[in-house]
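Notes to accompany the following structure.
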Amino acid sequence: MSKAGPRPKTPPQRTCAGCGTVRAKREMLRVVRTSEGGAVADPTGKAAGRGTYLCAQEACWKLGLAKGRLERHLKTKLSSDDADALRAYAESLGFSEVKP
């Protein structure tokens, strides 16, 4: 009986808080809850705290912000300032406009 080689590594998978699609972690953008209870974008993906992921698509950011899905995943209430900051971050990614 011959020994099989090492199993190929599979990339980590994450679920989008907006659309619910499962994708590779590297294809997603992370949002993290701060210690004060707010939420900020985490471009490095390494910030401490409870995090959730969104696809790099305008529709997912709209769904995540408008329907309270980010709040549910992060288990916190987003202030209007936090929501505005996340919208601004999404717009900086090249989306035309991210409104609720």
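What you see is a predicted model; the values in this text were computed from it and never measured.
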Under a 3.5 Å distance rule, please check whether D42 uses its side chain to pair with a backbone N or O of V32 as donor and acceptor. no
Excluding sequence neighbours, so at least two apart, what forms side-chain contact (heavy atoms from CB on, under 4.5 Å) with L63? K67, R69
Interatomic spacing from CZ in R87 to OG in S80 - rounded to 0.5 Å: 9.0 Å
With side chains defined as the heavy atoms from C-beta onward, is the minimum distance between P11 and R26 less than 4.5 Å? no
Check whether any side-chain N or O of R33 sits under 3.5 Å from a backbone N or O of H73 as a donor-acceptor pair, and report yes or no. no
Note: L86 and W61 closest approach over all heavy atoms is O-CZ3, 3.9 Å
Between A24 and M28, what is the shortest heavy-atom contact and its length? O-CG, 3.4 Å
State the CZ-SG distance between R23 and C60, to the nearest 0.5 angstrom. 6.5 Å
As an exercise, state the distance from CD of Q57 to OG1 of T21, rounded to the nearest 0.5 Å. 7.5 Å
Is it the case that one hydrophobic cluster holds both L93 and L65, taking links as side-chain heavy atoms less than 4.5 Å apart, direct or via other members? yes
Smallest heavy-atom separation, V31 atom then L74 atom, equals O-CD2, 3.7 Å
Specify the closest pair of heavy atoms between Q13 and V22, including all atoms of both residues, with the distance to one decimal. OE1-CG1, 3.5 Å
For R30 and R50, work out which heavy atoms get closest and say how close. NH2-C, 4.2 Å
Taking every non-hydrogen atom, the tightest pair across T52 and A17: OG1-CB, 3.5 Å
Show, in sequence, the C-alpha distance, side-chain angles and deciding distance for D82 and T34, and conclude whether the side chain to side chain contact (heavy atoms under 4.5 Å, CB included) test is met. CA-CA 10 Å; D82 290 335; T34 62; 6.0 Å; no
Once rounded to the nearest 0.5 Å, what's the spacing between atom CG of L54 and atom CG of L70? 5.0 Å
